[in-house]
Amino acid sequence: MTDNLFQPFALNDKIELNNRIIMAPLTRCMADDNLVPTRAMADYYAKRADSGLIISEATIIRPDGQGYPNTPGIYSEAQIEGWRKVTSAVHAKGGKIFAQLWHTGRVAHPHFFDGDYVLAPSAEKVEGSVPRMRDLTYIVPKAASIDEITTLVNDFAQAAANAIDAGFDGVEIHGANGYLIDQFLHHDSNKRDDEFGGTPENMSRFPLAIVDEIAARIGWNKTALRISPGAYFNMAGDDKDRDVFHYLLQKLEQRDLAYLHMGLFDDSMEFDYLGGGATDFVRKHYTKTLMGVGGYTAQTGSEAISENRFDLLAIGRPFIANPDYVAKLQTGESLKDYSDDMLMELV
Ligand SMILES: Cc1cc2nc3c(=O)[nH]c(=O)nc-3n(C[C@H](O)[C@H](O)[C@H](O)COP(=O)(O)O)c2cc1C
């Protein structure tokens, strides 16, 4: 009944996936104190190498992108070396792995990098505190200057080059879930009146610059992007956001990303300003490879693929609970249910 999930899928003429079941990016906060990936992380990913593609947990491009404890980086030699162990372990099992490149923007916290401020499009603070660290409340960010924006674009591109150096098969740019890139795309967080704000074209400029700079460095076939047209996490939606994403999707359609990935926890959510679900909105305006996600089972994901709602299915929490998710689907063995206490340990 879920046969279509086991069909191979060509992302392009360089990368063919063994099946359409993708391990979604899942932050686990298990890197060492220098934000270097560990042996246990290599083992954890290798166990899931029978998925069509693993997308790594979000990985910070530079120190001031950090907003959670012990999230891995990809800017130091030691971090690149640590990731080499992960990518080799996945490749040894016949798998493929992309690195998810991350800067948290206004939900970064100076506690983690010993700084005085955090950068974002505008000085628009988000309410709340770092999860599980209640005394670290979010601060009013500093609006990035044009020079700082240029440096951020270059640092994303350098992180992509580092990822290839570390043996990754490609990168997924984290443009979703209320983090830095997404903050440029929503009116709630972007109040700029220069060439990076105010209009759909201006608000898309920073995300597209990163996409283009990374593709120039490592190739379109290795460059993917995750977006959240529907604001749902550390972000409030605005009716005007629709035009921003409509414009962005038109521009992405002219490019050759390896895939576009939805940034969602629950794909049954509807957004008034998108006229329904975020995935359906994107599918309407973008015809190339789309990865769906958010509360799917193999059954419902397979149905969505057969209804042509998207092409690839990303699975998150069930992959935490079941390292052997793909094998269990094949044999019909029942799956273990996910629970948050599983986050305490890498299995
Ligand atoms: C513990 C946990 C960590 C996550 N970390 C990331 C992350 O690093 N990057 C990201 O883009 N999404 C992250 N997500 C979102 C997942 O990629 C996915 O969109 C979400 O879990 C919905 O899919 P699911 O219903 O199959 O779990 C995380 C989700 C969970 C539960």
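Numbering of ligands and ligand atoms starts at 1, following listing order. No experiment lies behind these values; they were computed from the predicted model shown. Values below: every heavy atom of this structure, side chains too, minus hydrogens, waters and symmetry copies.
No part of Arg28 comes within 4.0 Å of ligand 1, judged by heavy-atom distances. At a heavy-atom distance under 4.0 Å, only backbone atoms of Leu264 (N, CA, C or O) approach ligand 1.
Atom 30 (C) of ligand 1 has its closest protein heavy atom at Leu26 CD2, 3.7 Å. Protein heavy atom at the shortest distance from atom 31 (C) of ligand 1 is Arg317 CG, 3.5 Å. Closest to atom 26 (O) of ligand 1, if we only count protein heavy atoms, is Gly316 N, 2.8 Å. Protein heavy atom in closest approach to atom 12 (N) of ligand 1: Arg226 NH1, 2.9 Å. Nearest protein neighbour of atom 23 (O) of ligand 1, counting heavy atoms only, is Val293 CG2, 3.6 Å. Among all non-hydrogen protein atoms, the one lying nearest atom 17 (O) of ligand 1 is Pro25 O, 2.8 Å. The nearest heavy-atom contact from the protein to atom 9 (N) of ligand 1 is Gln100 OE1, 2.8 Å. Among all protein heavy atoms, the one lying closest to atom 1 (C) of ligand 1 is Leu343 CD2, 3.6 Å.
Ligand 1 does not have Gly263 within reach: every non-hydrogen atom of the residue lies 4.0 Å or more from it.
Heavy-atom proximity to Ile315, at under 4.0 Å, picks out these atoms of ligand 1: 26 (O). Short contacts between ligand 1 and Ala24, defined as distances under 4.0 Å to a heavy atom of the residue, involve ligand atoms 17 (O). For ligand 1, the atoms closer than 4.0 angstrom to any heavy atom of Gly295 are 24 (P), 25 (O). Near Asn177, with a cut-off below 4.0 Å to any heavy atom, the atoms of ligand 1 are 10 (C), 11 (O), 12 (N).
Taken together through direct or relayed side-chain contacts under 4.5 Å among Ile, Leu, Val, Met, Phe, Trp and Tyr, Phe9 and Phe319 form parts of separate hydrophobic clusters.
Looking at Tyr296, Phe319, Phe265 and measuring to atom 15 (C) of ligand 1, the nearest heavy atom belongs to Phe265.
Aromatic ring centres of Tyr68 and Trp102: separated by under 6.0 Å. For His186 and Phe245, the gap between ring centers is short of 6.0 Å. Note: Phe98 and Tyr259 meet the aromatic proximity criterion, with ring centroids under 6.0 Å apart.
Relative to the six-membered ring of Tyr117, Lys142 meets both conditions, a distance below 6.0 Å and an angle of at most 45° to the axis.
We find the CE-CZ distance between Met262 and Arg283 to be 11.0 Å, quoted to the nearest 0.5 Å.
In this structure the side chain of Pro63 reaches within 4.5 angstrom of the side chain of Tyr75, judged on heavy atoms. With contacts defined as side-chain heavy-atom distances shorter than 4.5 Å, the pair Val118/Ile139 qualifies.
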Q: Just do the salt bridge (Lys or Arg N to Asp or Glu O under 4.0 Å) check on Asp212 and Arg255 with the steps written out, would you?
A: CA-CA 9 Å; Asp212 289 344; Arg255 289 162 164 82; 2.7 Å; yes
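Considering backbone and side-chain N/O of Glu57, none are found under 3.5 Å from N/O of ligand 1. For ligand 1, the polar-atom distance check finds no N/O of Ile320 at less than 3.5 Å from any of the ligand's N/O atoms.
Between Glu303 and Tyr296, the side chains place no donor N or O within less than 3.5 Å of an acceptor N or O (distance only, hydrogens not considered).
What you find for Gly105 and Gln183 is that their closest heavy atoms are CA-OE1, 3.7 Å.
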